[in-house]
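Scroll down for the structure; my scribbles are underneath it.
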Amino acid sequence: MLKNYIKVALVNLRKHKAFSFINIIGLAIGIACCVLITSYVFHELSYDRYHAKADRIYRLHSDLKISGDHLRIPKSSPPIGKYLVENYPEVLSAVRFRGPMRLPVRSREKLYYVNRFFFADNSVFEMFDFRLIKGNPQTVLKAASTCVITEDTAKKYFSDEEPIGKVLNVNNDWDLTVTGIVKNIPGNSHFGFDMLCSFETYAQENKRDMQYWLSINNYTYILLQEGYDGKLLEQKFPAMVEKIIGQMLKYVKGEYLLTLMPLTKIHLHSNLMQEIAGNSDMTYVYIFSVIALFILAIACINFMNLSTARSANRAREVGLRKVLGANRRKIIVQFLAESVFTSLISLIIGLFLFEMALPLFRSLSGVELRINYTASPWLIPSLIGLAVLVGLAAGSYPAFFLSSFQPVRVLKGIFKSGIGNARFRSVLVIVQFTISVVLIAGTFIVFNQLNYMKNKRLGFQKEQVVVIPISDESTLESLRPLRAELSRHNEIVSVAAASHVPGETTYFNPYIPEGYSLEEMQYMGGLDVDHEFIPTMGIEMAAGRNFSADLQTDMEQSCIINETAAKKFGWDKPVGKTIREMTESAKARETTVIGVVKDFHFESLHKQISPLFISYTAHAINSLCVRITSDNIPKTLAFLGEKISQFDPHRPFEYAFLDDSFDAQYRSEERLGRIFSYFSILAIFIACLGLFGLASFTAEQRTKEIGIRKVLGATVSGIIVLLSKEFTKWVLIANAIAWPLAYYFSNKWLQSFAYRTNITLMTFLFAAIISFLIALLTVSYQALKAATANPVKSLRYE
């Protein structure tokens with residue numbers, strides 16, 4: 001029986017080559033997209049699950065409220081991990097990470113930057129399954145001045161030499177002995193590292209910080225007993241906080257809440273300030289999952305549409321089968337078997353398309369997907385199951401519809417497909433184009449938002465600024481000769497120094513503005529600069545003046561704030577007001593406001609502009625900002641490299657253009673836009689395949705009608721309009737349904753941006769025009785072909 005079904009399926013595929021091609025290619029593309037996006041979704045959901053104890057590992061998060069300021073970060077204080085292990089038996093171990101830092105590391109003549117440098121506790125290899133190739137996991141990070149490096153880092157510094165026991169100099173500060181080599185961190189980790197230094201190294205230099213409960217600057221992970229619910233431990237945190245720092249919080253009228261984030265949820269559910277690395281978002285997983293279903297649905301709708309449209313051609317076959325004794329169940333099984341067979345062919349082609357698309361998807365998403373078809377025993381059955389499911393879903397309606405024909409009526413030649421059948425096809429086409437228009441409109445809105453973010457006036461000039469990292473020990477005094485040397489170059493406009501540059505996260509400190517008490521201290525972002533920073537960045541003054549190198553009091557005793565800070569403090573005339581900066585020694589450094597800068601976007605447009613405190617200081621200078629002209633940029637960069645290397649020989653010369661690094665904050669949105677555009681094109685292509693097939697069938701069914709109309713004087717243009725009118729009506733209805741859906745989902749996505757573009761009517765009009773033109777072009781070919789046919793041929797036997 002099965003053999004007979006396959007034979008019949010092959011005969012029908014060969015007999016109707018065009019329709020078979022459309023069905024198979026449409027389903028193949030749909031299956032390829034579904035497999036591709038499903039692989040991506042599983043990759044996103046697999047983050048950190050390779051750790052054997054992943055379900056028992058949690059990260060501590062801090063939620064701090066003081067004087068109306070709300071700070072939520074994935075960090076906690078240095079002593080908390082040890083305290084939990086010693087006082088709560090359900091907590092088996094704790095690991096602290098401090099970083100990531102980008103530091104110069106030297107091994108004899110080799111000097112490179114290590115991008116992901118962390119301090120970490122020795123218990124890291126007890127908790128996490130980072131695989132040590134060499135070294136004892138119990139002791140590799142126990143002693144001060146020891147480090148563990150990855151395979152790639154070891155190869156970079158030592159080539160084929162034995163790295164264990166070798167010494168690496170970090171930041172011209174620490175000499176660290178290599179005690180372990182760890183396998184490269186898997187890509188599906190929420191953070192990775194190139195080098196781990198023993199936390200004891202940091203602790204010995206910062207003993208006071210190790211006991212300070214409000215020094216919230218470490219990432220702390222804890223391991224719970226097997227079967228213990230993290231929520232139970234969370235319920236004990238308020239009492240612990242009250243016991244240890246309750247009096248201090250009452251004094252400053254603050255609240256401090258500790259929460260636990262499961263390790264396996266960090267990548268998709270944690271997007272706080274100061275994340276250890278950039279995370280994804282569960283919203284994108286939902287979006288891509290829906291897109292996969294949409295495209296697969298469009299392909300299935302094509303199959304249903306073309307199968308029901310061809311019902312008249314197979315009506316006599318069904319009638320003869322019933323006369324010869326076939327019951328309805330057998331006919332249903334036959335048509336479903338044909339559908340599943342077609343789907344299995346599509347699966348094979350779809351998997352080929354999937355493999356071909358992997359490099360493109362990798363370049364679009366930044367995610368490297370690999371499928372080992374033999375490693376997972378469930379994979380092949382799952383793919384076959386998907387093809388069977390698609391075949392059954394796509395073939396169900398045609399099978400039940402075709403099997404319902406009455407043999408007497410069919411064999412007498414009085415069969416008509418019926419209004420209901422045509423209406424069903426209309427609904428399916430409308431659904432296809434509704435999905436396509438939603439994707440097109442969504443693509444436009446994503447790119448509009450990207451364009452808005454890249455072109456919005458930021459309050460500073462990011463173009464033609466070269467950012468160069470310099471040593472942490474650098475002071476403004478030692479920078480003066482370098483500035484003078486660089487300024488001699490004709491293409492260098494100005495040179496400034498700063499602790500942070502736009503696009504980076506500033507430090508976050510408590511301050512006491514004039515008129516506020518200690519209990520009412522306010523939190524602000526902090527930025528250390530020199531007197532050239534504000535003019536070099538093109539930041540405008542709203543009131544007062546900039547720092548001056550000629551006034552000694554400006555150094556350490558003066559400050560500049562932004563307009564947002566002045567508004568927050570209720571200051572109409574902020575110049576001359578004082579602000580006390582709180583330090584860990586509990587002493588307050590008093591500064592006088594000498595100027596107010598106009599608000600500028602230091603961080604991405606995802607965030608509101610926050611209060612900013614700018615000080616003129618000789619310490620914590622991490623970057624040079626060099627504004628250059630657009631003439632002979634390579635020569636200018638070579639000059640910068642030569643002079644910087646003379647000034648700072650302990651670091652390799654590296655640079656970045658500020659506009660590139662600032663725009664890099666929007667890479668996830670750029671990826672989303674590119675992926676949206678590609679899948680929109682695929683959705684439209686599959687929908688048009690179906691529309692092309694339906695137009696071909698319609699033209700074929702109305703051949704004699706067209707012939708009569710031409711004999712009676714109908715023009716070619718009139719016939720084209722006649723055949724195209726119905727299809728364009730469907731597309732217009734699809735747009736009417738798609739617009740509110742696209743608006744709702746796009747508006748919801750835009751809510752994640754503090755500053756966003758407006759959703760205008762033009763966006764939807766463009767989507768409508770594109771869908772309408774594509775549909776018209778698809779249908780017009782068949783309409784023109786039918787309209788220009790010789791009516792004699794169609795009416796010869798009438």
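Only heavy atoms go into these numbers, but all of them, side chains included; no hydrogens, no water, no symmetry mates.
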| field | Polar side-chain atom of S487 near backbone of A484 as donor-acceptor pair, under 3.5 Å | value | no
| query | Does any N or O in the side chain of S198 come within less than 3.5 Å of the main-chain N or O of A143, such that one atom is a donor and the other an acceptor? | reply | yes
| query | So among V596, L551, V575, which one has a side-chain contact (heavy atoms from CB on, under 4.5 Å) with R545? | reply | L551
| Do the charged groups of E514 and R580 touch, with an N to O distance under 4.0 Å? | no
| message | Nearest 0.5 angstrom please: N171 CG to L103 CG, how far? | response | 5.0 Å
| Partners meeting side-chain contact (heavy atoms from CB on, under 4.5 Å) with D63 (sequence neighbours left out) | K65, H70, R72, L257
Can you give the donor-acceptor pairs under 3.5 Å from side chains of residues 558-566 to other protein atoms, not counting sequence neighbours?
unit_1, atom_1, unit_2, atom_2, d
S558, OG, T553, O, 3.3
S558, OG, D554, OD1, 3.3
N562, OD1, A565, N, 3.0
N562, OD1, L612, N, 3.0
N562, ND2, S610, O, 2.9
E563, OE1, D599, N, 2.9
T564, OG1, D599, OD1, 3.1
T564, OG1, D599, OD2, 2.8

| request: Tell me yes or no: between the side chains of T629 and E491, is some donor less than 3.5 Å from an acceptor? | output: yes
| For the side chain of D530 and the backbone of E532, is there at least one donor-acceptor N/O pair under 3.5 Å apart? | yes
| query | Does D152 have any side-chain hydrogen bond (donor to acceptor under 3.5 Å, both in side chains) partners at least two apart in sequence or in another chain, and if so, which? | reply | N184
| query | Does Q665 use its side chain to pair, donor to acceptor, with the backbone of S604 at less than 3.5 Å? | reply | yes
| said: Can you confirm whether more than 12 heavy atoms, excluding those of K607, are under 6.0 Å from its NZ atom? | reply: yes
| Separation of L458 CG from F602 CZ (nearest 0.5 Å) | 12.0 Å
| remark: Correct closest heavy-atom pair for L605 and Y666 would be N-OH, 3.1 Å
| note | Taken in chain and number order and not counting sequence neighbours, the residues that satisfy ring-ring contact (aromatic ring centres under 6.0 Å, His included) with F158 are none
| Would you say the side-chain atoms of S189 pair up with the backbone N or O of I185, donor to acceptor, closer than 3.5 Å? | no
| Taking D121 as the fixed residue, which of K82, K142, R96 is the one that meets the side chain to side chain donor-acceptor pair (under 3.5 Å) rule? | R96
| Which residues satisfy the side-chain hydrogen bond (donor to acceptor under 3.5 Å, both in side chains) test with S548, sequence neighbours excluded? | none
| request: Tell me whether the centres of the aromatic rings in Y202 and W174 are closer together than 6.0 Å. | output: no
| query | For E540 and R457, what are the C-alpha separation, side-chain angles and deciding distance, and is it a salt bridge (charged side-chain N to carboxylate O under 4.0 Å, His left out)? | reply | CA-CA 12 Å; E540 297 180 22; R457 191 174 183 278; 2.8 Å; yes
| message | F130: which residues meet the ring-ring contact (aromatic ring centres under 6.0 Å, His included) condition with it, sequence neighbours left out? | response | H51, F128, F193
| request: Identify the heavy atoms of K598 and A542 that sit nearest to each other, and give their distance. | output: CG-CB, 3.8 Å
| message | To the closest 0.5 Å, what do you measure between CD1 (I512) and CD (E590)? | response | 10.0 Å
| query | To the nearest 0.5 Å, what is the distance between CG (L658) and CZ (R627)? | reply | 8.5 Å
| remark: Across all chains, not counting sequence neighbours, the side-chain hydrogen bond (donor to acceptor under 3.5 Å, both in side chains) partners of N271 are none
| said: salt bridge (charged side-chain N to carboxylate O under 4.0 Å, His left out), that's the test. Do K155 and D160 meet it? Break it down for me. | reply: CA-CA 7 Å; K155 189 172 183 180; D160 297 326; over 6 Å; no
| With no hydrogens and no angle check, do the side chains of D194 and T150 hold a donor and an acceptor under 3.5 Å apart? | no
| note | Residue pairs meeting side chain to side chain donor-acceptor pair (under 3.5 Å), one or both in residues 633-643, sequence neighbours left out, come to E485-K643
| Minimum heavy-atom distance between I621 and S499, given as atom pair plus value | CD1-N, 4.3 Å
| task | Kindly state whether the ring of Y219 and the ring of F97 have centres lying under 6.0 angstrom apart. | result | no
| said: Under a 3.5 Å distance rule, please check whether T591 uses its side chain to pair with a backbone N or O of I579 as donor and acceptor. | reply: yes
| message | Assess the residue pair K454 and D659 against the criterion (salt bridge (charged side-chain N to carboxylate O under 4.0 Å, His left out)); give the C-alpha distance rounded to whole Å, side-chain angles, the decisive distance to 0.1 Å, and a yes or no. | response | CA-CA 9 Å; K454 289 187 174 183; D659 52 353; over 6 Å; no
| message | My understanding is that only one of N169, D175, V170 makes a side-chain contact (heavy atoms from CB on, under 4.5 Å) with N172; could you say which? | response | N169
| query | Less than 6.0 Å separating the ring centroids of H601 and Y755? | reply | yes
| For H190, all residues meeting ring-ring contact (aromatic ring centres under 6.0 Å, His included), sequence neighbours excluded | Y221
| field | Residues forming a side-chain hydrogen bond (donor to acceptor under 3.5 Å, both in side chains) with D660, sequence neighbours excluded | value | none
| Does the S215 side chain pair with the main chain of S77, one donor and one acceptor, at a distance under 3.5 Å? | no
| Do any pairs count as a side chain to side chain donor-acceptor pair (under 3.5 Å) and have a residue in residues 104-114, sequence neighbours left out, and if so which ones? | R108-E161, K110-S159, Y113-R651
| message | Ignoring hydrogens, what is the shortest heavy-atom contact between P513 and W571? Give both atom names and the distance. | response | CB-CZ2, 3.6 Å
| query | Is a side-chain donor or acceptor of T757 paired with a backbone partner of Q449 at a separation under 3.5 angstrom? | reply | no
| Do Y511 and Y516 have their ring centres less than 6.0 Å from each other? | no
| Check against side chain to side chain contact (heavy atoms under 4.5 Å, CB included), M195 and V105 | CA-CA 10 Å; M195 186 173 187; V105 176; 4.2 Å; yes
| said: I644 vs L624, test: side chain to side chain contact (heavy atoms under 4.5 Å, CB included). Steps then yes/no. | reply: CA-CA 10 Å; I644 295 294; L624 279 184; 3.6 Å; yes
| query | Looking at NZ of K75 and CG of L64, how far apart are the two atoms once the value is rounded to the nearest 0.5 Å? | reply | 14.0 Å
| note | With sequence neighbours left out, the residues meeting ring-ring contact (aromatic ring centres under 6.0 Å, His included) with F753 are H606, W749
| field | E504 side-chain N/O to V501 backbone N/O, donor-acceptor pair under 3.5 Å | value | yes
| field | Heavy-atom donor-acceptor pair, T146 side chain to T177 backbone, under 3.5 Å | value | no
| Does R59 come within less than 4.0 Å of E275, counting only side-chain N to carboxylate O? | yes
